[in-house]
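In this text, all values refer to a predicted model and were calculated from it rather than measured experimentally.
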Amino acid sequence: MKLNEIRTRFAPSPTGYLHVGGLRTALYNYLYARQNNGKFILRIEDTDQNRKVDKAVENLIESLRWAGLEIDEGPGFGGAFGPYIQSERTELYRQHVTKLLEKGDAYRCFCTPERLAKVKEQNPNSGYDRHCRYLSDQEIKDKMDAGEAFVIRQKIPENGEIKLYDIVRGEVVFPFSEVDDQVLLKSDGFPTYHLANVIDDHYMQISHVIRGEEWLMSTPKHLLLYESFAWKAPKFAHLSLLLNSDKSKLSKRQGDVSVEDYRSKGYLKEALVNFLALLGWNPGTNEEIFSMDQLMKKFSLKKVSKSGSIFDTKKLDWMNGQYIRALSPEEFYALAIEYFPKETPWSETDRMKMFSLYQQRISRLDEIPEKVAIFTHEFPPMDNDTVRAIDVNVLTVLKVLRDLLVKEADFDQKIFVEKIQEVQKITGIKGKELWTAVRIGVAGQIHGAEINIIAEILGQQACLKRIEKVLHDFAGNN
RNA sequence: GGAGCAUUCGUCUAGUGGUUAGGACGCUGGCCUCUCACGCCGGUAACAGGGGUUCGACUCCCCUAUGCUCUACCA
């Protein structure tokens, strides 16, 4: 490893899926590392044995991979500072806790969960009462001999304050009186986040800790730990949170939060990444469409904003539409086909034509099924506006069109348009009225893509059948 | 309750003592056009409130309000 190499890490706990806020944090870490020719590390923080979820790590990695974040070191990715899963590093944590104990910066706490609950009940507005902090050596020995379970707590100084220089927030001062004696090692032998993240960040030589704002308040504990071990602390950058439209922390209750959700709804990874990058960061110019490469060049921690951002799906939709329209027909086909019925009589050429009709008309891939419904149904259902639009002129147009069409030997969009022009001459009906009638007959809708192309894809027989049906269903009513 | 952080159009944001407070999404008017959509042109809309400092505050300071975060043997 080079001296002064920039090393960032994304350190999620494996709770089952990757949260979009997590993706943004990961992205900022990734961009910062990449633009400095540094390394991006994935570390799994699974020290809570009660919250283990099957396949969670696999899902996390798959979502990161999908989004285009390349992991340099991590579980399954190699690296010289492994293992990258905290539950496999417990021995290391225990050794360091011993050092803390010897140094007097930590102490054993024998308080039972029951006593802790009682203390909390009596004084709900303050933390642990430091009951075990001043136990004598003899008392400790007796309790240990008696086999009493214990945790290790961090000994926070009684007085004074600590300063944090945060890259996005500047200087933040915390009085020690507000920091409590956090548990560092749980009675099951696993470390808490506070201990593990400090030890790992040190040994993994992390240079910049870029994480969510929820960690800001516990940073004093971490800083103190670095001091206790006489380690150089990394630089910190605390990112504001992503919010629901009511400004509460973005949560599952109010919509989709996992990147899998957005992926399956038909958002392109480029759009999601671009959108997330701009949520809390901007390049200082008016541009807002950026590829991952451009983001790597332009991203700057100094331009990250301090306040929370509402995750506005309207703008995401717009941005996704921008990316969809920028795709080549082939690229769009490859993505769109995933949303097309698996069993289909349509040829690849026909599907290609269909998709080309809708590339300009959708902002999400999952709109495709409803758009192609006019092809996948033999007789597409009509909505009320369409039914209401059917009048005697519509029927006249369709009747004449049908009569012209049956006589044709060949059929394509050009011939179709010619027939419609003939219908205009014969009936005198023209413009919007003419074409709307044709739309109703062929697509069963008054709005939509180019009707001549729709007709060509459908073919002569299908068009005739549909026109026939409209005539049959509505002729008697007029 | 306490501590910390935050506060520019509805939303994402630019701004760093002197600007007609800019852009984007959304909404909206128009153009294009057989419709819808795309695209293009235009419009709408903001400095949380109150005190200072200053010749002059969106920009600096203080107070208040509001929101958020933390306050676990979860991360």
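Using a 4.0 Å cut-off between charged side-chain N and carboxylate O, Arg364(A) and Asp366(A) make a salt bridge. The residues Asp166(A) and Lys235(A) are annotated as not salt-bridged, no charged nitrogen and carboxylate oxygen being separated by less than 4.0 angstrom. We find that Glu260(A) and Lys265(A) are not joined by a salt bridge, their nearest charged nitrogen and carboxylate oxygen being 4.0 Å or further apart. Checked for salt-bridge contact, Lys414(A) and Glu418(A) meet the test: a charged N lies under 4.0 Å from a carboxylate O.
The two atoms that bring Leu18(A) and Ser63(A) nearest to each other are CD2-CB, 3.6 Å, heavy atoms only.
One atom, CE of Met217(A), and another, P of C68(B), lie 16 Å apart when rounded to the nearest Å. As rounded to whole Å, 11 Å separates atom C1' of G23(B) from atom CH2 of Trp318(A). Between the P atom of C34(B) and the CD1 atom of Ile454(A) lies a distance of 16 Å, rounded to the nearest Å. In this structure, CD1 of Ile156(A) is placed 14 Å from P of U71(B), rounded to the nearest angstrom. At whole-Å resolution of the value, CD in Gln182(A) and C1' in C70(B) are 11 Å apart. Residue Leu195(A) contributes atom CG, which lies 14 Å from atom C1' of A75(B) at whole-angstrom precision. Separating the CZ atom of Arg211(A) from the P atom of C70(B) is a distance of 13 Å, rounded to the nearest angstrom. Rounding to whole angstrom units, CG of residue Leu327(A) and P of C38(B) are separated by 17 Å.
When each of G4(B), C73(B), A75(B) is scored by its nearest atom to the side-chain atoms of Leu216(A), the top-ranked nucleotide is G4(B). Comparing atom distances between the Leu116(A) side chain and each of C73(B), A75(B), C34(B) picks out C73(B) as nearest. Comparing C25(B), A75(B), G1(B) by their nearest atom to the side chain of Lys314(A) picks out C25(B). Between G2(B), A6(B), C73(B), one nucleotide has an atom nearer to the side chain of Lys186(A) than all others, and that is C73(B).
Gln424(A) comes within contact range of no nucleotide atom at all, as no heavy-atom separation falls under 4.0 Å. Backbone-only engagement by Thr47(A) is indicated by non-hydrogen atom pairs under 4.0 Å involving sugar-phosphate atoms exclusively. Residue Val438(A) is out of contact with every strand shown, counting any heavy-atom pair closer than 4.0 Å. Using a 4.0 Å heavy-atom cutoff across all strands shown, Lys303(A) reaches sugar-phosphate atoms only and no base atom. Backbone-only contact: Lys249(A) has heavy atoms under 4.0 Å from sugar-phosphate atoms and none from a base. Note on Pro220(A): nothing from the nucleic acid sits closer than 4.0 angstrom, heavy atoms only. Pro12(A) comes within 4.0 angstrom of nothing in the nucleic acid, heavy atoms only. Within the 4.0 angstrom heavy-atom criterion, only backbone atoms of the sugar-phosphate kind lie near Leu241(A); the bases stay farther away.
Comparing A37(B) with U13(B), their P atoms are spaced 29 Å from each other, to the whole Å. A gap of 23 Å separates the C1' atoms of G18(B) and C9(B), to the nearest Å. Comparing the same atom, P, in C34(B) and in U28(B) gives a spacing of 24 Å after rounding to whole Å.
Outside the 6.0 Å centre-distance limit, the rings of Tyr28(A) and Trp281(A) are not counted as a close aromatic pair. Taking the ring centroids of Tyr32(A) and His208(A), they lie under the 6.0 Å cut-off.
With sequence neighbours excluded, the residues satisfying salt bridge (charged side-chain N to carboxylate O under 4.0 Å, His left out) with Glu287(A) are Lys298(A).
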Inset, instruction - I would like to know whether Thr219(A) and His238(A) meet side chain to side chain donor-acceptor pair (under 3.5 Å); could you show each step before the answer? - result: CA-CA 10 Å; Thr219(A) 308; His238(A) 288 93; 3.2 Å; yes
So which protein N/O to nucleotides 40-45 of chain B N/O distances come out below 3.5 Å?
none

Would you list the protein and nucleotides 10-13 of chain B atom pairs, both N or O, that sit under 3.5 Å from each other?
{"unit_1": "C12(B)", "atom_1": "OP1", "unit_2": "Ile310(A)", "atom_2": "N", "d": "3.1"}
{"unit_1": "C12(B)", "atom_1": "O2'", "unit_2": "Leu278(A)", "atom_2": "O", "d": "3.3"}
{"unit_1": "U13(B)", "atom_1": "OP1", "unit_2": "Gly280(A)", "atom_2": "N", "d": "2.8"}
{"unit_1": "U13(B)", "atom_1": "OP1", "unit_2": "Ser309(A)", "atom_2": "OG", "d": "2.6"}
{"unit_1": "U13(B)", "atom_1": "O3'", "unit_2": "Asn282(A)", "atom_2": "ND2", "d": "3.0"}

Taking only nitrogen or oxygen atoms into account, show me every contact under 3.5 Å that the protein makes with nucleotides 35-37 of chain B, one pair per line with its distance.
{"unit_1": "U35(B)", "atom_1": "O2'", "unit_2": "His447(A)", "atom_2": "ND1", "d": "2.1"}
{"unit_1": "U35(B)", "atom_1": "O2", "unit_2": "Gly448(A)", "atom_2": "N", "d": "2.7"}
{"unit_1": "U35(B)", "atom_1": "O2", "unit_2": "Gly448(A)", "atom_2": "O", "d": "3.1"}
{"unit_1": "U35(B)", "atom_1": "N3", "unit_2": "Arg439(A)", "atom_2": "NH2", "d": "2.6"}
{"unit_1": "U35(B)", "atom_1": "N3", "unit_2": "Gly448(A)", "atom_2": "O", "d": "2.7"}
{"unit_1": "U35(B)", "atom_1": "O4", "unit_2": "Arg439(A)", "atom_2": "NH2", "d": "3.2"}
{"unit_1": "C36(B)", "atom_1": "O4'", "unit_2": "His447(A)", "atom_2": "ND1", "d": "3.4"}
{"unit_1": "C36(B)", "atom_1": "O2", "unit_2": "Arg361(A)", "atom_2": "NH1", "d": "2.6"}
{"unit_1": "C36(B)", "atom_1": "O2", "unit_2": "Gly448(A)", "atom_2": "O", "d": "3.2"}
{"unit_1": "C36(B)", "atom_1": "N3", "unit_2": "Arg361(A)", "atom_2": "NH1", "d": "2.6"}
{"unit_1": "A37(B)", "atom_1": "O2'", "unit_2": "Gln360(A)", "atom_2": "O", "d": "2.8"}

Hey, what are the protein-to-nucleotides 57-61 of chain B N/O distances that come in under 3.5 Å?
none

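Under the 6.0 Å distance and 45° angle rule, Arg43(A) does not count as a cation-pi partner of Tyr84(A).
Under the Watson-Crick and G-U wobble criteria, each requiring two contacts below 3.5 Å, nucleotide C73(B) is left unpaired. Using N1 to N3 plus N6-O4 or O6-N4 for Watson-Crick, or N1-O2 and O6-N3 for G-U wobble, each under 3.5 Å, C68(B) pairs with G4(B). Across all strands shown, nothing is found opposite A21(B) as a Watson-Crick or G-U wobble partner with both distances under 3.5 Å. Pairing for C47(B) is absent, with no Watson-Crick or G-U wobble pair whose two atom distances lie under 3.5 Å. In this structure, G42(B) forms a base pair with U28(B), meeting either the Watson-Crick or the G-U wobble geometry with both donor-acceptor distances under 3.5 Å. When Watson-Crick and G-U wobble pairs are counted only if both distances are under 3.5 Å, U53(B) pairs with no nucleotide at all.
Among residue pairs with one or both ends in residues 442-454 of chain A, those qualifying as side chain to side chain donor-acceptor pair (under 3.5 Å) are Arg361(A)-Glu450(A), Gln413(A)-Asn452(A); sequence neighbours excluded.
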